[in-house]
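Each chain gets a letter, A, B and so on, in the order its sequence line appears, and its residues count up from 1. In what follows, every heavy atom counts, from backbone to side chain, and hydrogens, waters and symmetry copies are set aside.
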Amino acid sequence: MPELPEVEVVRRGLDQWVAGRTVAAVEVRHPRAVRRHLEGTEHFVQALTGRTFTAAHRRGKYLWLPMAEADGTPSDRALVGHLGMSGQLLVEKPSQPDETHLRARFTFTDGGRELRFVDQRTFGGLAVEESTGDGIPPRLAHIAIDPLDPSFDADAFSAALRRRHTEVKRALLDQTLIGGVGNIYADEALWRAQLHGARPTAKLTRAQVSALLEGVRDVLGEALAQGGTSFDSLYVDVNGQSGYFSRFLAVYGQADRPCPRCGTPIRRESFMNRSSYSCPRCQPRPRTR
DNA sequence: ACCGTCGCCTGATAGC
DNA sequence: TGCTATCAGGCGACGG
């Protein structure tokens, strides 16, 4: 599942292989892929055809590509994308057979490799959004700065976290508080900080918040270092099927396997209608909830 | 304003 | 064998 590190790998691929190219045609194969483009599929196609992508940016798990008009002047719109659970953005030769779950195809005026949006479960999507310059499109403004962004403010995050009246894992998954953390890396960061996800945020000490943030940064950074070198950027597989995940994860998906720190079997709990993994000894449950 | 729950979606897998 | 149930989980809408 693509979280921040995987999306950053995709961004780098787009910046290298798509930025600077002009769209010749757009084919939408499944309307759900552009459902967030409220003006409809035809408008989506019109808004992109003939425009040039100028760069690829990311905040949290969102990507956006600013555009320029045919005469080179900057456009006030950008292509915004989210990979959801299973989305891929692939840069491939036109001769490559269509993928089963191909949702949209972009061809370019240079006749080179196509950009394809492939998404089995269709939680992801594309839209053209208002945007000026390289700044974040207003529709994405609610997504918090992510911890790999140089402007991330650790003190502000710590203060905001401790002001919340919720459980710490919920807070980590809240994209308006910190961007880019999903279920997998939330569990990994909590394990590193030796905190159970049900701990109330308001009662965390400064030291605990600090350890948590360090855990988040480390796990995202390490995943990026591995993912960024594991994939051919021409074919960015963000489904984790290449297996680099499982060698790297301490607790996620590791139920009944020994905790790498203390050897206690990892437990799996249901939380927010999804799975949470933790070490019963390193991460004791809070007494009350 | 803030917090928690629900529905969306499809393929793999387990169990009968 | 073939069916059904369960699971994977990010996000925005919505209700309290």
- For A:R77, all residues meeting salt bridge (charged side-chain N to carboxylate O under 4.0 Å, His left out), sequence neighbours excluded: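 Counting only residues at least two positions away or on another chain, A:R77 forms no salt bridge (charged side-chain N to carboxylate O under 4.0 Å, His left out).
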Can you sort out the partners of [X] under ring-ring contact (aromatic ring centres under 6.0 Å, His included), two or more places apart, ordered by chain and number?
X: A:Y62; result: A:H82
X: A:F53; result: none
X: A:W191; result: none

What is the separation between atom [atom1] on [X] and atom [atom2] on [N], rounded to the nearest whole Å?
X: A:D119; N: C:dA8; atom1: CG; atom2: P; result: 19 Å
X: A:E167; N: B:dG4; atom1: CD; atom2: P; result: 7 Å
X: A:L4; N: C:dG10; atom1: CG; atom2: P; result: 13 Å
X: A:Q254; N: C:dA8; atom1: CD; atom2: P; result: 14 Å
X: A:K169; N: B:dG4; atom1: NZ; atom2: C1'; result: 15 Å
X: A:N273; N: C:dA8; atom1: CG; atom2: C1'; result: 12 Å
X: A:N183; N: C:dG10; atom1: CG; atom2: C1'; result: 10 Å

Identify whether the distance between the nearest side-chain nitrogen and carboxylate oxygen of [X] and [Y] falls below 4.0 Å.
X: A:D146; Y: A:R58; value: yes
X: A:E8; Y: A:R12; value: yes
X: A:K61; Y: A:E3; value: no
X: A:D256; Y: A:R267; value: no
X: A:K169; Y: A:E167; value: no

- End axis versus end axis in the helix from B:dC2-C:dG16 to B:dC16-C:dG2, the angle rounded to 10°, five pairs used at each terminus: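 Roughly 50° between the end axes, to the nearest 10°.
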- Message: Please verify the inter-ring angle class for A:Y185 with A:F248; under 30° counts as parallel, over 60° as perpendicular, anything in between as tilted.
- Response: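 Rings of A:Y185 and A:F248: perpendicular, as their planes differ by over 60°.
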What does the list of N/O pairs under 3.5 Å between the protein and nucleotides 1-3 of chain B look like, with a distance for each?
| residue | atom | partner | partner atom | Å |
| --- | --- | --- | --- | --- |
| B:dC3 | OP1 | A:H165 | N | 2.9 |

- Item | side-chain hydrogen bond (donor to acceptor under 3.5 Å, both in side chains) partners of A:D71, counting only residues at least two apart |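 Scan of A:D71 (side-chain hydrogen bond (donor to acceptor under 3.5 Å, both in side chains), adjacent residues dropped) gives A:T73.
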- Task: Return each pair, listed once, that meets ring-ring contact (aromatic ring centres under 6.0 Å, His included) where at least one residue sits in residues 158-178 of chain A; pairs must be two or more places apart or across chains.
- Result: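 Those involving residues 158-178 of chain A do not exist here.
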- Gap between atom CG of A:L224 and atom CG of A:L148 - 0.5 Å precision: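 If I round to the nearest 0.5 Å, the distance is 6.5 Å.
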- Task: Supply the atom-to-atom distance A:T107 OG1 to A:R21 CZ, rounded to the nearest 0.5 angstrom.
- Result: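 Atom-to-atom, A:T107:OG1 and A:R21:CZ are 9.5 Å apart.
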Using a cut-off of under 3.5 Å, enumerate the N/O to N/O pairs linking the protein to nucleotides 8-12 of chain B.
| residue | atom | partner | partner atom | Å |
| --- | --- | --- | --- | --- |
| B:dC8 | O3' | A:R32 | NH1 | 3.4 |
| B:dC9 | OP1 | A:R32 | NH1 | 3.3 |
| B:dG11 | OP1 | A:H101 | NE2 | 3.4 |
| B:dG11 | O4' | A:Q120 | OE1 | 3.3 |

Which pairs, protein N/O on one side and nucleotides 13-16 of chain C N/O on the other, fall under 3.5 Å?
none

- Query: When A:T122 is tested against each of A:H101, A:R32, A:M85 for side-chain contact (heavy atoms from CB on, under 4.5 Å), which residue passes?
  - Reply: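 By the side-chain contact (heavy atoms from CB on, under 4.5 Å) criterion, A:T122 pairs with just one of A:H101, A:R32, A:M85: A:R32.
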What does the list of N/O pairs under 3.5 Å between the protein and nucleotides 5-7 of chain C look like, with a distance for each?
none

- Item | Pairs involving residues 43-53 of chain A, ordered by first then second residue, that meet side chain to side chain donor-acceptor pair (under 3.5 Å) (sequence neighbours left out) |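 Every pair satisfying side chain to side chain donor-acceptor pair (under 3.5 Å) with a residue in residues 43-53 of chain A: A:T22-A:T52, A:H37-A:H43, A:E42-A:Q46, A:R51-A:E69.
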- Tell me whether the OP1 or OP2 atom of C:dG10 has a side-chain N or O from A:Y185 closer than 4.0 Å.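 No, because none of the side-chain N or O atoms of A:Y185 sits under 4.0 Å from OP1 or OP2 of C:dG10.
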- Task: Using only heavy-atom distances, decide whether a donor-acceptor pair under 3.5 angstrom links the side-chain of A:R274 to the base of C:dG10.
- Result: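 Donor-acceptor pair under 3.5 Å: yes.
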